[in-house]
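Report on the structure given below.
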Amino acid sequence: MLQRPRRNRKSAVIRDMIQETHISASNLIFPLFIVDGENQKVEVKSMPGIYRYSIDNLLREVDSCMNIGLKAFDLFPAVEESLKDKYATESYREGTLYLRAIEEVKKNFPEACVVTDVAMDPYSSDGHDGIVENGEILNDETLEVLGKMALAHAQKGADIIAPSDMMDGRIGYIRNILDENGFTNVSLMSYTAKYASAFYGPFRDALGSAPKKGDKKSYQMNPANTREALIEAQLDMEEGADFLMVKPGLPYLDIIKLLNDNFDLPIAAYNVSGEYAMLKAAIANGWLSEAAIMETLLSFKRAGATSILTYHAKEAIEKGWIK
Ligand code: PBG
């Protein structure tokens with residue numbers, strides 16, 4: 001045999017020498033859940049090791065992440081049921097939990113990168129990402145709410161705004177409002193190919209944001225489809241997105257590769273709550289070893305994602321798997 005591929009695997013030094021894919025802390029975005037109150041740190045049942053923090057504890061958590069080199073955060077609010085309404089007005093009300101959280105994080109950690117989530121569902125009494133009328137999700141009316149929300153986030157210092165709603169035209173609409181108000185430097189990370197997935201279950205438990213009726217199939221993508229992802233990505237490019245995101249991550253590695261092969265914007269992968277819950281449950285049962293976590297994270301990078309939103313971010317750095 002002239003070719004013996006095993007020669008390149010014979011020692012740790014050689015294996016490391018030819019390793020193609022690396023992840024560093026700078027590639028990671030850590031999603032954090034926030035709740036109202038003081039001194040709150042409540043574990044999400046289906047996501048061991050992940051908590052809902054009140055703002056005081058959120059700042060402590062951000063501090064401990066910053067100290068280990070984890071500097072990008074995506075914030076998600078758990079909103080009290082009594083504050084929700086049909087039009088998600090709580091999402092842009094001055095003084096609301098989420099806006100205070102953005103402001104506090106940026107005030108205390110100006111060098112942190114704060115990613116904010118734009119979508120109606122945490123604030124919607126219908127639990128949908130758009131305005132619901134007679135069972136239909138209204139697209140263009142929803143854009144107005146998203147625009148107000150995005151502007152409020154920018155005013156509080158958001159570095160990157162990430163619309164996760166999947167309404168048509170929202171990237172262009174939001175880009176326009178930001179620019180008109182002087183926020184030309186605020187970035188947009190579009191949830192470009194967001195699938196109608198069962199893997200969001202634990203997240204909806206964490207926020208109490210599940211749809212009250214129906215599902216999200218009229219706006220989130222059909223898991224069986226690939227070509228629509230190209231249309232969505234093309235539109236996001238034209239409308240001014242700075243990043244294209246694929247979500248969930250693990251069941252859609254082909255979509256990450258597809259977008260990376262076809263578009264020159266950075267690709268983000270969202271390793272969602274259900275993917276986290278699945279690994280954690282198997283590890284807790286002794287059915288998988290913890291090595292499955294890095295193997296999973298590497299797959300996103302290998303498929304072409306430059307940034308990874310993952311609930312594993314902090315532990316992967318703390319355990320020394322990622323530097
Ligand atoms: C909602 C939103 C969802 C997630 C991020 N933003 C859930 C949904 O669309 O129902 C899911 C994240 C996760 O599961 O980790 N706009």
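What you are looking at is a predicted structure, and each value in this text was computed from that prediction instead of being measured. Just so it is clear, the values below take in all heavy atoms, side chains as well, and ignore hydrogens, waters and symmetry mates. The residues of the chain are indexed from 1 along the displayed sequence. Whatever order the structure lists ligands and atoms in, that order sets their numbers, starting from 1.
Residue-ligand proximity: Glu275 is placed with every non-hydrogen atom at 4.0 Å or more from ligand 1.
In the vicinity of Lys216, heavy-atom distances shorter than 4.0 Å reach the ligand 1 atoms 8 (C), 9 (O), 10 (O). Of all the atoms in ligand 1, the ones that sit under 4.0 Å from a non-hydrogen atom of Lys247 are 2 (C), 3 (C), 4 (C), 5 (C), 6 (N), 11 (C), 12 (C). Numbered from 1 in the order shown, with element, the atoms of ligand 1 that lie under 4.0 Å from a heavy atom of Asp129 read 1 (C), 16 (N). When each atom of ligand 1 is checked for a heavy atom of Ala119 under 4.0 Å away, the hits are 16 (N). Short contacts between ligand 1 and Ser164, defined as distances under 4.0 Å to a heavy atom of the residue, involve ligand atoms 1 (C), 2 (C), 6 (N), 16 (N). Close approach to Tyr270 involves these atoms of ligand 1, each under 4.0 Å from a residue heavy atom: 12 (C), 15 (O).
Phe203 CD1, 3.3 Å is the protein heavy atom nearest to atom 12 (C) of ligand 1. Looking from atom 1 (C) of ligand 1 to the surrounding protein, the closest heavy atom is Asp121 OD2, 2.8 Å. Protein heavy atom nearest atom 15 (O) of ligand 1, with residue, atom name and distance: Tyr311 OH, 2.6 Å.
Between Glu81 and Lys212 there is a salt bridge, since a side-chain N of the basic residue sits under 4.0 Å from a carboxylate O of the acidic one. At a threshold of 4.0 Å, the pair Arg170-Asp165 counts as salt-bridged, since one of the basic side-chain nitrogens sits closer than that to a carboxylate oxygen.
Not a single N or O atom of Asp165, backbone or side chain, sits closer than 3.5 Å to an N or O atom of ligand 1.
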For Val186 and His153: C-alpha separation, side-chain torsions, deciding distance, then whether side chain to side chain contact (heavy atoms under 4.5 Å, CB included) applies. CA-CA 10 Å; Val186 174; His153 295 180; over 6 Å; no

When the side chains of residues 143-152 are checked against the rest of the protein, which donor-acceptor pairs come out under 3.5 Å, sequence neighbours left out?
none

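A donor-acceptor pair under 3.5 Å links the side-chain atoms of Lys106 to the main chain of Ala112, judged by distance alone. Distance alone, capped at 3.5 Å, places no donor-acceptor pair between the Asp242 side chain and the Ser187 backbone.
Among His128, Met120, Lys194, the residue whose heavy atom sits closest to atom 2 (C) of ligand 1 is Lys194.
The CD1 atom of Ile131 lies 10.0 Å from the CG atom of Asp126; values are rounded to the nearest 0.5 Å.
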